Protein chains: 2
Amino acid sequence: MTISRKAEYALRAVVILAAAAPDRPMQIHDLAESGKIPAKFLEQILLTLKRGGLLRSKRGVGGGYHLEKPARQITVGDIVALIDGGLCHLAAHGQDSGTAEFPGARGLRDSLTEIDELVNEKLASLTIEEILNRDEPDAMLAFGI
Amino acid sequence: MTISRKAEYALRAVVILAAAAPDRPMQIHDLAESGKIPAKFLEQILLTLKRGGLLRSKRGVGGGYHLEKPARQITVGDIVALIDGGLCHLAAHGQDSGTAEFPGARGLRDSLTEIDELVNEKLASLTIEEILNRDEPDAMLAFGI
DNA sequence: GTCTTTCCCGACCGAAATAGTCGGGAATAT
DNA sequence: ATATTCCCGACTATTTCGGTCGGGAAAGAC
């Protein structure tokens, strides 16, 4: 029913990276500290995000992670899909769930699917950039925009 | 991330009961068969729904379950809340999750909470009656309404 | 009464998912 | 060389999920 803790850690990490200087990579250690995320666990997560094409990494001294693409092109949906494997499903417990046929069965399936789609659309349209802008509503004003 | 199977069983059961004759109670056994739900598991579920005030039961010969109130006054949200204990939460992993403070933390929380609320509103406004009507879109026409 | 039907209800249980940890290896820079 | 940093598979502990089991208690039927 909930987004996994792992996915939430992933979101935190990406948000932090998006807020940081885009040229300087940030190390797992620092990221873990800022986000209060177990470092070794975060390692796994970042790797997944990297494999998913959201992050880029660099090894050795001065290495670390940074975003692969601009924050406006990364959505919460992307991240959750990578980490939790697929998006939210209220309906669809797969194979047999559709098998049961009783009066109202179709209506039930359809109704849940509809809500499903709503959530997934929302997650897919919510970008990291929006989240950041939301955090400091007057940030843009401060920059005279 | 998903609605639990238990909650889906509960939904099926209530939908079936709503579609059945409102005066004659229906037994666990029959309900289990119609909904393809493990009988003993269903027993647990129905009991919870009863304690939650959604169903009423009668023991002995000719006993069974029926709705406590009309289908239009029972929502999917009611059922999910009773069975899964609380509604959907994308955000809010409770105690410590709010503790982490980094740039974007608030925006992240707020964004997730907003989607949360959207889903919960949807679930809370979707009634069993609507589900049933949806199943047979022309049922009302058939009755000359 | 007593017998049958039906719900009531707590305890238990195996499998899977969750939430990590561990220990080393491979690049990269100094 | 050697320190730093990511890479990566294997392992583990805990919790949740999805049930099962076995008896008890009420309400009629006879």
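Chain identifiers are assigned alphabetically (A, B, ...) following the order of the sequence lines, protein sequences preceding nucleic acid strands; residue numbering begins at 1 within each chain. None of these values were measured; they are calculated from a predicted model.
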For A/Thr127, is there any backbone N or O sitting under 3.5 Å from a side-chain donor or acceptor partner on A/Glu130? yes

Roughly how many Å is it from CG in A/Leu49 to P in D/dC8, rounded to a whole number? 14 Å

No-hydrogen, no-angle side-chain donor-acceptor test under 3.5 Å, B/Thr75 and B/Asp78: yes

Using only modelled atom types and a 3.5 angstrom limit, is any donor from either the side chain of B/Lys58 or the base of D/dG28 paired with an acceptor on the other? no

If I take atom CE in residue B/Met26 and atom C1' in nucleotide C/dC7, what distance separates them, rounded to the nearest angstrom? 15 Å

Would you say C/dC9 has OP1 or OP2 under 4.0 Å from some side-chain N or O of B/Arg51? yes

Rounded distance (nearest 0.5 Å) linking atom CG of B/Leu31 with atom NZ of B/Lys36: 15.0 Å

Between B/Pro38 and A/Gly60, name the one whose nearest nucleotide on DNA chain D is closer to the 5' end. A/Gly60

Integer-rounded Å distance: C/dC12 C1' and B/Phe41 CZ: 14 Å

Taking for each residue the nucleotide of DNA chain C bearing the nearest heavy atom, is the 5' side occupied by A/Ala39 or by A/Arg59? A/Ala39

Assign each of A/Gly62 and A/Gln44 to its nearest nucleotide of DNA chain D by heavy atoms, then name whichever residue's nucleotide is nearer the 5' end. A/Gly62

Out of C/dG20, C/dC9, C/dT6, which has the shortest distance to the side chain of B/Leu47? C/dC9

Name the nucleic acid region contacted by A/Leu46, choosing base, sugar-phosphate or nothing; use a 4.0 angstrom heavy-atom cut-off, strictly under. nothing

What distance separates A/Ser57 OG from A/Ile28 CD1, expressed to the nearest 0.5 Å? 9.0 Å

Tell me whether the side-chain N/O atoms of A/Ser57 come closer than 4.0 Å to OP1 or OP2 in D/dC7. yes

Can you tell me whether the side chain of A/Gln27 and the base of D/dC6 have a donor-acceptor pair closer than 3.5 Å? no

So B/Arg106 and A/Asp135, side-chain contact (heavy atoms from CB on, under 4.5 Å) or not? Walk me through it. CA-CA 6 Å; B/Arg106 195 161 55 87; A/Asp135 199 58; 3.0 Å; yes

A/Arg5 CZ to D/dT16 P: how many Å, rounded? 11 Å

Can you tell me if B/Tyr65 touches the phosphate of C/dC8, counting only side-chain N or O atoms and a distance under 4.0 Å to OP1 or OP2? yes

Given the structure, check if the side chain of B/Glu43 and the base of C/dC8 hold any donor-acceptor pair shorter than 3.5 Å. yes

Just the rounded figure in Å: distance from P of C/dT6 to CG of B/Leu42. 15 Å

Just the rounded figure in Å: distance from C1' of C/dT21 to NZ of A/Lys6. 13 Å

Whether the side chain of B/Lys40 and the base of D/dG18 hold a donor-acceptor pair under 3.5 Å is what I'd like checked. no

To the nearest angstrom, how far is A/Ile45 atom CD1 from D/dC6 atom P? 14 Å

Whole angstrom value for the distance that separates P of C/dA19 from CG of A/Asp84: 9 Å

Counting any heavy atom closer than 4.0 Å, what does B/Arg56 reach on the DNA or RNA strands: base, sugar-phosphate only, or nothing? nothing

To the closest 0.5 Å, what do you measure between CD1 (A/Ile37) and CZ (A/Arg12)? 5.5 Å

